[in-house]
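Please read the structure below before turning to the comments.
Source: prediction; values computed, not measured.
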Amino acid sequence: MNRTVPILFLLSALWVSACAPTRPTSTDTVDPVATVRPWSDVETWDVPPMDEMPVPAERDVDHAVPDSLMRSLADRGIAVERAGFRVQVFSSINRRETVETEERLLTWLETLSQEDLRRLGIRGAEDVYNVFASPYYRVRIGNFTTRNRAMALHDALSRTFPNVLVVPDRVRIVR
């Protein structure tokens, strides 16, 4: 117990001295406060006088880029297979009937002009497909990205072929 009293006294003295102010405080004296000055008083920057901007001379630019890239035609002629629509002309389990219907369709296509083919959205006989999915043989035509584009061909074919419908299919689109 003899040793603990001086240690406690020493610790309390240190604590009191740590809490004591370092300078005398009084309300009579005011410390000078540094005045805050705006940057415009301290920094100066003079903009040098400038003449009018010179007009750039027109000149031809010779690119080393192919013309097809400059006109955004880089993927022209590339065939892509994607989900789309075709017009189904016929479906049967009888292969002979399917082949006969395909021949009638090809004959009908020969009667159309190039303008009619373009208006209907087809290129001709190359867009005719004879598809077999067990047990049915199907005759389909066209490569359309939307159902609405296939409807013009559907309407034209419905006059000659009674049971045409627009069906979803994997189509080949040439860009």
Do other residues, nucleotides or ligands put more than 12 heavy atoms under 6.0 Å from [X] [atom1]?
X: Arg104; atom1: CZ; value: yes
X: Ile78; atom1: CD1; value: yes
X: Asn94; atom1: CG; value: yes

### Task
Show the numbers, then the answer: is there a side-chain contact (heavy atoms from CB on, under 4.5 Å) between Arg96 and Val99?
CA-CA 5 Å; Arg96 185 180 50 76; Val99 171; 5.9 Å; no
### Task
Anything under 30° is parallel, anything over 60° is perpendicular, the rest tilted; go ahead and classify Phe132 against Tyr137.
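Ring orientation of Phe132 relative to Tyr137: tilted.
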Give a yes or no on whether the backbone of [Y] and the side-chain of [X] come within a donor-acceptor separation of less than 3.5 Å.
X: Arg147; Y: Phe85; result: no
X: Asn143; Y: Val171; result: no
X: Arg86; Y: Arg170; result: yes

### Query
Out of curiosity, Thr111 OG1 to Asp116 CG, how far, rounded to the nearest 0.5 Å?
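With rounding to 0.5 Å, OG1 (Thr111) is 8.0 Å from CG (Asp116).
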### Message
Can you tell me how far apart CD1 (Ile141) and CD (Gln88) are? Round to the nearest 0.5 Å.
### Response
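Between atom CD1 of Ile141 and atom CD of Gln88 there are 12.5 Å.
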### Message
Hydrophobic clustering (ILVMFWY, side-chain heavy atoms < 4.5 Å, transitive) - are Val89 and Leu106 grouped together?
### Response
yes
### Message
Is there a continuous path of hydrophobic side-chain contacts, each under 4.5 Å between heavy atoms, that joins Trp108 to Tyr129?
### Response
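Trp108 does not cluster with Tyr129.
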Of the non-hydrogen atoms in [X] and [Y], which two are nearest, and what is the gap between them?
X: Ile93; Y: Pro135; result: CG2-O, 3.4 Å
X: Arg123; Y: Leu117; result: O-CD1, 3.9 Å
X: Phe144; Y: Gly121; result: CE2-O, 3.6 Å

### Query
Are side-chain N/O atoms of Asp155 and Ser158 paired as donor and acceptor at under 3.5 Å?
no
### Task
Apply side-chain contact (heavy atoms from CB on, under 4.5 Å) to the pair Leu109 and Leu112, showing each step before the final yes or no.
CA-CA 5 Å; Leu109 283 174; Leu112 299 176; 4.1 Å; yes
### Residue from Glu100, Arg138, Glu97 passing side chain to side chain donor-acceptor pair (under 3.5 Å) with Ser92
Glu97
### Close side-chain approach of Arg82 and Thr145, heavy atoms under 4.5 Å
yes
### Query
Between Leu120, Ile122, Leu153, Val87, which is the residue that forms a side chain to side chain contact (heavy atoms under 4.5 Å, CB included) with Asp127?
Ile122
